[in-house]
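In what follows, a single structure is set out as structure tokens and then discussed.
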Amino acid sequence: MDAREEVLARIRAALGPRRERVEVPRDYHRQPPEGTDVVALFAERVADYRADVRRVTAACGVADEVGRVVRELGIRSLVVPVGFPDAYLSGVDGDGAGGRDHVELRRDDPPLSTAQLDDSDAVITECAAAVAETGTLVLGRDQGRRALTLVPDRHICVVRAERVVGTVPQLPAVPPPATWVSGPSATSDIELHRVEGVHGPRTLVVLVVGC
Amino acid sequence: MSTWLGMPPFPEAAREALADTQLRANLRAATATIRAKRAAVVAERADWEQLREAGRAIKDRALRDLDTHLLRLEERVIAAGGTVHWARDAAEANRIVIGLVDAAGADEVVKVKSMATQEIELNEALAAAGITAVETDLAELIVQLGHDRPSHILVPAIHRNRAQIRDLFRREMPGADPELTDDPVELASAARAHLRRKFLTARVAVSGANFAVAETGSLVVVESEGNGRMCLTLPEVLISVVGIEKVVPTEADLEVLLQLLPRSATGERMNPYTSLWRGTTPGDGPREFHLVLLDNGRTTALADEIGRDALRCIRCSACLNVCPVYERTGGHAYGSVYPGPIGAILTPQLRGPDPVADSLPYASTLCGACFDACPVKIDIPRALVHLRTKVAHGAGERAAMGVAAWTMAGPRRFALGRRLAAIGVRLARLPGPWRKWTEARDLPVPSGETFREWWANREGPSGRP
Amino acid sequence: MRVGLFLTCLNDALFPAAGKAVVRVLERLGHEVVFPAGQTCCGQAHFNTGYRRECVPLARKFVADFAGLDHVVSPSASCVAMVRENYRELAGQSPPVFEFTEFLVDVLGVTDVGAAFPHRVTYHPTCHGLRLLDLGDRPTTLLRAVRGLRLLDLPDAAHCCGFGGTFAVKNADTSVAMGTDKARHVLSTGAEVLAAVDNSCLMHVGGLLSRWRSGTRVMHVAEILASDP
């Protein structure tokens with residue numbers, strides 16, 4: 001008998017012929033408490049994890065805010081995944097010929113090498129969905145390859161208010177590979193105190209658009 | 001890393017740990033911190049009990065049809081471009097992994113913290129085959145650099161404080177700043193710098209998985225630092241060693257388990273990073289994915305109607321953090337990669353009988369704090385008592401318990417026993433195993449009438465016997 | 001009401017005061033107490049140490065000893081929990097057992113038994129009372145109503161004292177380490193008396209307090225509730 005057959009045979013022997021049917025009660029909360037402002041809650045909970053949260057009420061303000069963040073953080077090279085809205089980048093001086101405020105936009109097309117990502121100051125993406133209760137961003141395939149939001153040390157994420165749901169059970173299906181991000185990289189390995197910033201991006205800026 | 005071979009049984013190992021002042025202080029501080037954090041985030045959820053009940057049912061449902069779900073998982077992983085291997089035991093799993101690393105032409109692998117690979121002592125097996133395993137989780141790195149053993153499921157270096165970690169980094173980490181301070185932020189930065197090159201150049205990664213979804217073939221790794229994402233994303237080949245009990249039937253099950261796990265583990269509403277992947281994805285992540293499904297004693301546990309509850313465990317460590325025994329002895333005393341209350345019921349089942357495993361079901365006062373904290377409602381005290389019926393009892397103890405039961409079964413014999421007990425407690429030092437009591441504790445000496453004399457002699461309104 | 005008293009083997013041999021106190025309080029409240037003299041032991045020590053088989057005759061004997069009684073009261077939370085949790089499986093039926101404070105509050109509806117005890121007292125909720133019987137604030141509600149009694153909060157009250165039955169000798173070092181922390185917390189309150197609803201746990205913590213000559217003593221809650229005004 002090969003390993004597969006043997007493990008399966010052991011399982012069948014262990015369970016016996018009469019199998020108990022188990023129902024899963026799903027009476028846990030699917031909705032946030034009545035009257036919850038999910039966008040405000042999301043902003044609060046993400047900030048709880050030491051993300052830098054900024055609210056932009058109108059879509060037209062996003063580009064200005066992105067430009068401001070890029071200048072404030074001194075970002076000179078910014079990774080941009082395929083499909084990221086160009087309109088959000090109009091506040092970033094990506095066209096100049098190397099002036100003082102010039103920012104090199106590094107589009108992932110053709111794919112950037114890992115070394116190039118490591119050498120980039122930041123990445124900017126959107127998110128597929130976000131969860132207010134836990135302060136979680138969900139990144140899917142439409143937000144670019146997983147390495148893009150991992151290797152650069154700063155991640156700027158534009159979150160449209162309509163993509164924020166209240167609870168984890170309300171999340172829409174996001175086909176894998178997917179990554180749930182709740183705040184910047186962190187560890188609790190030293191005396192169980194949470195410290196932000198280990199291997200993933202140490203700075204997470206979240207721009208919440210709309211209300 | 002040292003292995004667990006040759007450890008003494010729990011009572012002896014515990015005695016040594018109890019005398020370690022630094023260890024006691026580190027554990028007291030760390031477990032108090034995490035207990036408070038967990039309590040705060042659990043209290044936020046009015047539906048915590050419903051979530052626990054759903055979590056229990058999800059894992060039970062998976063286990064009651066384990067073969068069906070594993071076959072489904074296998075089919076979906078293969079359909080998504082992955083390869084599935086089955087391993088009966090640790091040796092077989094290690095052989096499979098070594099073969100895959102060799103085939104990739106690599107002599108070094110980066111590793112995500114994984115209990116399954118610790119259980120099978122994969123690092124030692126790789127080393128014997130000339131392959132270097134680099135642990136990338138901060139705590140695992142601390143353990144590895146210190147040639148130490150993990151002492152906690154979630155925070156393997158919980159027994160070390162920041163000053164000890166600083167000293168270790170200065171001494172053992174290549175290129176560490178000799179001026180490194182014990183600020184945790186600085187220590188984390190040092191680990192980042194140390195491992196960065198490894199991540200960017202590694203060709204093979206080894207991980208475990210927190211969950212594997214049968215319905216879709218998705219694997220899930222829950223982590224905090226980003227080392228997991230590095231390992232799961234950057235290398236060309238990914239090998240995940242996953243216990244067969246990690247399978248859950250449906251994608252919807254994750255909405256429960258991913259809420260229970262972080263709150264129970266680190267006391268966070270959600271952990272910083274959760275990675276979900278399915279086989280391979282062209283242009284994103286490894287081009288080869290291997291899933292190694294591991295039995296290694298799990299089917300033995302599954303055959304035990306009470307013991308099988310331990311297979312529900314999602315490795316959150318909440319039971320360790322609330323355990324008054326663990327808080328005082330730390331994890332090493334349990335002589336196993338799985339310490340604490342869950343270890344006390346898992347180790348004897350996965351490993352089979354030996355002096356250490358036989359001592360573990362007794363490493364508990366049955367206080368029940370672990371059961372209350374468990375997010376999947378494993379009745380650990382019940383399982384402990386059950387396992388106590390299965391371990392080898394010493395001949396002396398068996399005889400004494402037999403005599404005691406015989407004495408208690410007859411009122412006359414019991415009357416004699418009571419008198420002997422009343423005389424016995426007047427001894428300053430009790431004989432036999434009871435000597436352990438009087439070494440540190442006095443015994444109460446009953447004075448005046450016994451209850452029965454009083455009852456027989458008194459005048460009162462109640463009926464007489 | 002006619003109430004059976006299950007004394008427990010430990011109280012029978014070493015702590016006569018607890019049984020006497022239960023009888024006094026119940027009679028003071030106007031109830032009739034029955035003490036089946038053949039009673040011995042619930043089998044908890046055997047059961048929890050892994051001697052399940054040896055326990056079966058004890059469980060059957062218990063059921064026979066207390067047959068015909070609608071209420072069986074005991075001054076031991078852990079023995080009551082043993083009967084309630086395991087007798088259905090061991091003896092085929094679950095006798096109607098009640099822990100003493102649970103019986104007073106839930107069955108008799110009494111929260112003030114009219115006692116007086118002018119001392120500083122701290123209360124340790126024993127694990128089986130707390131987690132298996134869910135006694136909650138029943139014992140402290142009764143204690144708070146006692147004239148002159150000053151109830152002091154015990155730090156980390158819900159943490160186990162380290163007794164654990166045979167754990168106390170099988171893992172004596174760990175047991176003593178836990179008991180030491182519990183006893184230290186007791187002393188930190190400045191209480192004269194540590195009270196609980198299990199004499200087993202009190203024997204352990206009290207054994208340490210006595211060995212240290214701390215001057216703080218232990219009492220079963222029933223003894224305090226039986227103190228005359």
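Computed over heavy atoms, backbone and side chain alike; hydrogens, waters and symmetry mates excluded. Residue numbering restarts at 1 for every chain, and letters A, B, ... go by the order of the sequence lines.
Only the side chain of C/R213 comes within less than 4.5 Å of a heavy atom of chain B; its backbone N, CA, C and O stay farther away. Contact of B/S364 with chain C is made through the backbone alone, with heavy-atom distances under 4.5 Å. Heavy atoms of C/Q39 lying under 4.5 Å from chain B belong to its backbone as well as its side chain. Of the two parts of C/L208, the backbone and the side chain both hold a non-hydrogen atom closer than 4.5 Å to a non-hydrogen atom of chain B. Using a 4.5 Å cut-off between heavy atoms, C/L202 makes no contact with chain B at all. When heavy atoms are compared at a cutoff of 4.5 Å, C/L5 approaches chain B solely by way of its side chain, counted from C-beta outward. The contact between B/T329 and chain C is made entirely by side chain atoms (from C-beta outward), counting heavy-atom distances below 4.5 Å. Contacts of B/E449 with chain C are made by both backbone and side-chain atoms, with heavy-atom separations under 4.5 Å. Only the side chain of B/R35 comes within contact range of chain C, judged by heavy atoms closer than 4.5 Å. Only the side chain of C/K61 comes within less than 4.5 Å of a heavy atom of chain B; its backbone N, CA, C and O stay farther away. For B/F414, the part lying near chain C is the side chain, with the backbone staying farther off; criterion is any non-hydrogen pair under 4.5 Å.
Panel note: side chain C/T40, backbone B/M408; a donor-acceptor pair is recorded below 3.5 Å. Between the side chain of B/R452 and the backbone N or O of C/A37, at least one donor-acceptor pair lies under 3.5 Å. Under a 3.5 Å cut-off, the side chain of B/R398 and the backbone N or O of C/Y51 do not form any donor-acceptor pair. Side-chain atoms of C/H128 come within 3.5 Å of backbone atoms of B/L366 as a donor-acceptor pair (strictly under, hydrogens ignored). The main-chain N or O of C/R131 is never found under 3.5 Å from a side-chain atom of B/D372 such that the two would form a donor-acceptor pair.
Annotation for B/V385 and C/F47: closest pair CG1-O, 3.4 Å, computed over non-hydrogen atoms. Closest approach of B/T438 and C/R211 over heavy atoms only: O-NH2, 2.8 Å. Residues B/W434 and C/V169 share a closest heavy-atom pair of CE3-CG1, 3.8 Å. Considering every non-hydrogen atom in both C/L14 and B/A421, the closest pair reads CD2-O, 4.2 Å. The shortest non-hydrogen separation linking B/D442 to C/S210 is OD2-OG, 2.6 Å. Across all non-hydrogen atoms, the minimal contact from C/A13 to B/P446 is O-CG, 4.0 Å.
The candidate from C/M178, C/R60, C/R53 with the greatest count of non-hydrogen atom pairs under 4.5 Å with chain B is C/M178. Ranked by heavy-atom pairs under 4.5 Å with chain C, the list B/P444, B/A422, B/S359 is led by B/P444. Contact count against chain B (heavy-atom pairs under 4.5 Å) is highest for C/C9 among C/S78, C/G165, C/C9, C/G206. The choice from C/L7, C/L58, C/N48 that makes the most heavy-atom pairs within less than 4.5 Å of chain B is C/N48. When each of C/G164, C/A172, C/G50, C/C127 is checked for heavy-atom pairs under 4.5 Å with chain B, C/G50 comes out on top.
Checked options C/T180, C/T174, C/D181; the residue passing with B/R328 is C/D181 (criterion: side chain to side chain donor-acceptor pair (under 3.5 Å)).
Atoms CD and CH2, from C/E54 and B/W406 in turn, are 14.5 Å apart once rounded to the nearest 0.5 Å. Atom CG of residue C/D173 and atom NZ of residue B/K436 lie 5.0 Å apart, to the nearest 0.5 angstrom. In this structure, NZ on C/K20 lies 7.5 Å from CH2 on B/W454, to the nearest 0.5 angstrom. C/F163 CZ to B/C367 SG: the interatomic distance, rounded to the nearest 0.5 Å, is 14.0 Å.
With ring centers used as reference points, C/F15 lies 6.0 Å or more from B/F451.
Around the CG atom of C/D153, the shell of radius 6.0 Å holds no more than 12 heavy atoms that belong to other residues, nucleotides or ligands. Around CZ of B/R429, the count of heavy atoms belonging to other residues, nucleotides or ligands within 6.0 Å exceeds 12. The number of heavy-atom neighbours closer than 6.0 Å to CD of B/E453, taken from other residues, nucleotides and ligands shown, is above 12.
A salt bridge between C/K170 and B/E397 is present, with a side-chain N of the basic residue lying under 4.0 Å from a carboxylate O of the acidic one.
For B/H386, the side chain to side chain donor-acceptor pair (under 3.5 Å) partners two or more places apart in sequence, or in a different chain, are B/D304.
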Problem set entry | Criterion side chain to side chain contact (heavy atoms under 4.5 Å, CB included) on C/S175 and B/R441, from CA distance to verdict | CA-CA 11 Å; C/S175 171; B/R441 293 159 285 207; 3.1 Å; yes

For this session: Given side chain to side chain contact (heavy atoms under 4.5 Å, CB included), test C/H204 with B/W437 step by step and report yes or no.
Result: CA-CA 9 Å; C/H204 168 64; B/W437 182 280; 3.7 Å; yes

Exercise. Where do B/R458 and C/V23 land on the side chain to side chain contact (heavy atoms under 4.5 Å, CB included) test, with the steps shown first?
Worked result: CA-CA 11 Å; B/R458 84 212 175 90; C/V23 174; 3.8 Å; yes

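Scanning residues 12-25 of chain B against chain C with a 4.5 Å heavy-atom cutoff picks out B/A14, B/R15, B/L18, B/R24, ordered by number.
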